[in-house]
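Values below: every heavy atom of this structure, side chains too, minus hydrogens, waters and symmetry copies.
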Amino acid sequence: MSVLDAPVTATAPAAPTTGLTPVFVRLKLTLLRNGLRQSSGRKAAYIASLVFTLLLAASQVLGLVLLRGNAQAGTVVVLLTAVVALGWAVLPLFFPSGDDTLDPTRLVMLPLRPEPLVRALLVSSMIGIGPLFTLCLAVGSVLALAHGPAGVLFAVVAVPLTLLLCVALSRAVTTANVRLLNSRKGRDLAVLSGLVIAVGIQFVNFGAQRLGEAGGLSTLEPAGNVARWLPGASAIAAVDAASRGSYGVAAAQLLVTAAALVALVWLWQRGLVKLMTAPDGSTLAAVAPTRKESGRTGLSALLPEGRTATVVHRSLLYIARDPKTKAAWVTALAIGAIVPLINALQGTGSIYFACFAAGMLGMQMYNQFGQDTSAFWMVALTISSTRDAYVELRARALALLLITLPYTVVVCVATAALLGSWRALPGVLGISFALLGAMLAIGAVASALFPYSIPQEGAFKNVAPGQGGLAWISILGGMLAAPVLAGPVIALTVWLHIADRQDALWLVIPAGAVFGALIGWAGLRIAAPRTANRLPEILTAVSKG
C-alpha cells in the first residue's frame with residue numbers, strides 16, 4: 001500500500017500566521033543590522049550620521065521650544081514643517097538611502113495583497129534616520145505651539161499624522177518615479193519630473209535660508225497663512241489654532257492633512273499594483289518598432305564621417321534616450337540655471353554665480369565609461385592605441401561642449417540682464433570657459449583612473465555597492481581642483497577689478513576660451529594613454545553593476 005493509497009486523515013490545524021507588518025519590521029531591522037556588520041567603515045558612517053542627526057534634531061527642538069510664547073512662533077513652525085514635507089517629496093529621489101528592503105520590485109513574485117503590503121511598507125519606512133529627525137521636529141513644533149487642553153489634544157493627533165504623511169508622500173512619489181525612469185515611453189515625463197524635483201530642491205534650500213535669515217518674522221506671515229492649509233503643515237497649524245480657541249479652523253486644518261494622507265496612501269497603493277502587475281507598454285511596443293533609425297541625425301550629421309562623428313552621435317543618443325543619463329543632464333541644466341537666476345531675482349546674488357552653470361555641466365564629463373555600463377566592452381574593442389583613446393575622449397568632450405557652451409552663454413547673459421551687471425559679463429564668460437575646460441580635463445583623467453559602474457536594476461542607484469568611495473574621489477576631487485586649474489583666468493579677472501580696469505574685462509573672454517581649450521586638450525592628452533593602458537581595469541569596474 002503506497003502513500004498515495006493511504007486513507008485521508010483529519011487535517012492538522014493550520015499554524016498561526018504572523019501579520020505582514022511585524023515581518024517587514026523584523027526584515028528591515030535584520031537587514032539593517034547585517035548591513036552594518038559588513039564593514040567597520042559602513043558602521044562608523046551610520047553611527048556618525050545618527051549622532052549628527054540627533055544633535056541637529058536636539059538643537060531644532062531646543063530652538064522651537066525657545067519660540068514658545070513668541071507672537072510669530074506659529075508662522076515659523078508652520079513654514080518649517082512645510083519645507084520639511086517638501087524635502088520628503090523631492091530629496092529621496094536624488095539622495096536615496098539605498099534601502100533594498102523597501103524596493104517593491106523585489107516583491108513581485110510574492111503572493112502579497114496590496115492593502116497589507118502598503119501598511120507593512122508604511123510602518124517599515126518609519127524606521128530610519130529621516131523619520132527620527134522628522135518626529136523630533138514635529139514634537140518640537142507642537143511643544144512650541146500647544147497651550148491648554150485643546151492644544152495638547154490636537155498635538156497628540158498632529159505629531160503621528162504629520163510623520164505618516166511625510167513618509168507616505170515620499171514613498172508615493174518614489175514609486176511613481178520608478179515607473180517613469182524605467183519606461184521608454186515615459187522618459188520624457190521622467191525628464192519633466194526631474195526638472196520639477198530639481199526646482200523643488202532649490203526651493204527647499206532657499207526656503208530654509210529664508211527661515212534662517214529672516215530678521216523680522218512678521219515678513220513671513222503671508223507665506224505662513226498659505227502654508228497653514230497645505231497638507232502636513234496644516235496638522236501643526238491645527239495645534240496653533242486650537243490653542244487660540246479656533247476649534248473649527250483647527251478641525252478643518254487637521255482634516256486637510258488626514259484627507260491628504262488617505263489620498264497619498266491610495267495613490268501609493270494604486271502605483272504599487274501597477275508597478276508589480278501591469279507590463280510596461282513601452283517595452284512591449286519596443287518588440288515591434290514602428291520606425292527605423294537611419295544614419296546620423298541632428299548636430300552629429302554636420303560632422304565628417306569617422307570615429308569622431310560616431311562617438312558624438314552615440315553620446316547625444318545616450319543623452320536623449322537613456323533614462324539615467326537624461327535625468328542627470330536635466331538635473332544639471334535645471335540647477336545650473338536656478339541657482340544664479342533665483343539669487344539674481346532676490347537681488348542678493350552676484351553675476352559670478354553664473355559660473356555655477358559651467359561647473360554643473362562640466363561634471364557630466366566624469367565617469368564617461370561608466371555611463372556605457374557593460375556595453376563598454378564594444379567600445380574597448382575599438383581602442384588599440386593611445387590615439388584611439390584620445391579620439392574617443394575628444395569626441396565625448398565635443399558632444400558635451402555642443403550643449404554646454406551655448407547653455408553657459410545663455411545663463412551668463414540672463415544673469416547679467418537680471419542684475420544689470422553688463423560690464424562684468426565678459427569676466428563671467430571668461431571664467432566660465434576656463435572652468436569648463438578645467439572640468440573637461442579633470443573629468444577625462446578621472447574617467448580613466450576612477451571609473452565606477454552605474455547599476456541598471458534600480459532607478460535611483462547611481463553607484464554600484466562598494467564603489468561609493470571612487471565616485472566621491474572623482475567628483476569632489478574634480479570640484480576642488482577645477483578652480484585651481486582655472487586660477488590664472490580667475491586671477492586676471494580679480495586683478496582687473498582691483499585695478500579698476502573693468503573696461504579691459506573683454507580680454508578675459510578670449511583668455512578664458514584659449515586657456516580652457518588648452519587645459520582641456522592637455523587633460524585629454526594625459527588621460528588617453530592611461531585609458532589605453534587600463535582598459536581591462538576600466539571594463540571590470542564599469543561592469544560591476
Reported CG-to-CG distance for the pair Leu62 and Leu66, which is rounded to 0.5 angstrom: 4.5 Å
Applying side-chain contact (heavy atoms from CB on, under 4.5 Å), name anything that partners Leu54, two or more places apart in sequence or on another chain. Leu50, Leu132
Are Val249 and Trp229 side-chain neighbours, meaning at least one heavy-atom pair lies under 4.5 Å? yes
Rounded to the nearest 0.5 Å, what separates atom CG in Leu400 from atom CG in Leu316? 10.0 Å
Are the side chains of Phe24 and Ser125 in contact, using a 4.5 Å heavy-atom criterion? no
side-chain contact (heavy atoms from CB on, under 4.5 Å) partners of Leu122, counting only residues at least two apart: Leu164, Val167, Ala168, Trp268
Give the minimum heavy-atom separation between Ser124 and Lys28, together with the two atoms involved. O-NZ, 3.1 Å
Between CG on residue Leu264 and CD on residue Gln269, distance to nearest 0.5 Å: 13.0 Å
If you look only at pairs with a residue in residues 234-256, which of them pass as a side-chain hydrogen bond (donor to acceptor under 3.5 Å, both in side chains), with sequence neighbours excluded? Arg228-Asp240, Ser234-Thr257
Considering the options Leu169, Leu161, Leu165, Leu261, which one meets the side chain to side chain contact (heavy atoms under 4.5 Å, CB included) requirement together with Pro231? Leu165
Test your reading of the model: is there a side-chain donor-acceptor pair from Ser59 to the backbone of Leu56, 3.5 Å cut-off? yes
Any sub-3.5 Å donor-acceptor pair from Arg171's side-chain atoms to Leu121's backbone N or O? no
According to the salt bridge (Lys or Arg N to Asp or Glu O under 4.0 Å) rule, which pairs have a member within residues 152-165, sequence neighbours left out? none
Could you tell me the separation between the CD atom of Gln60 and the OG1 atom of Thr134, rounded to the nearest 0.5 Å? 11.0 Å
Quick test of your reading: applying side-chain hydrogen bond (donor to acceptor under 3.5 Å, both in side chains), list the pairs with at least one residue in residues 153-164, sequence neighbours left out, ordered by first then second residue. none
So, Thr540 side chain and Pro536 main chain: donor-acceptor pair closer than 3.5 Å or not? yes
Is Gln364 close to Met439 at the side-chain level, that is, under 4.5 Å between some pair of heavy atoms? no
Can you name the nearest heavy-atom pair linking Ala357 to Val411, along with the distance? CB-CG1, 3.9 Å
Pair up each side-chain donor or acceptor in residues 141-158 with any protein partner under 3.5 Å, not counting sequence neighbours, and list the distances.
| unit_1 | atom_1 | unit_2 | atom_2 | d |
| --- | --- | --- | --- | --- |
| Ser141 | OG | Leu137 | O | 2.7 |
| His147 | ND1 | Arg68 | NH2 | 3.3 |

Tell me, please, which residues at least two apart from Pro116 pass side-chain contact (heavy atoms from CB on, under 4.5 Å). Leu20, Arg113, Arg119
Taking the side chain from Tyr407 and the backbone from Ala337, do they hold a donor-acceptor pair closer than 3.5 Å? yes
Got Leu79 and Val83 here, is their nearest side-chain heavy-atom distance under 4.5 Å? no
Side chain to side chain contact (heavy atoms under 4.5 Å, CB included) assessment of Phe450 paired with Asn367: CA-CA 7 Å; Phe450 306 108; Asn367 197 34; over 6 Å; no
Sorted by chain and residue number, the side-chain contact (heavy atoms from CB on, under 4.5 Å) partners of Phe376 (sequence neighbours excluded) come out as Phe369, Asp372, Val379, Ala380, Leu535, Ile538, Leu539, Val542
Decide yes or no for Leu64 and Leu67: does some side-chain heavy atom of the first lie under 4.5 Å from some side-chain heavy atom of the second? yes
Please name all residues satisfying side chain to side chain donor-acceptor pair (under 3.5 Å) with Thr81, sequence neighbours left out, ordered by chain then number. none
Calculate, to the nearest 0.5 Å, the distance between atoms CD1 and CD1 belonging to Ile403 and Ile319 respectively. 4.0 Å
With salt bridge (Lys or Arg N to Asp or Glu O under 4.0 Å) as the rule and sequence neighbours excluded, what pairs involving residues 142-162 come up? none
Distance check, rounded to the nearest 0.5 Å: Ile127 atom CD1 versus Leu29 atom CG? 4.5 Å
Would the number of heavy atoms belonging to other residues, nucleotides or ligands and lying under 6.0 Å from CZ of Arg270 be above 12? no
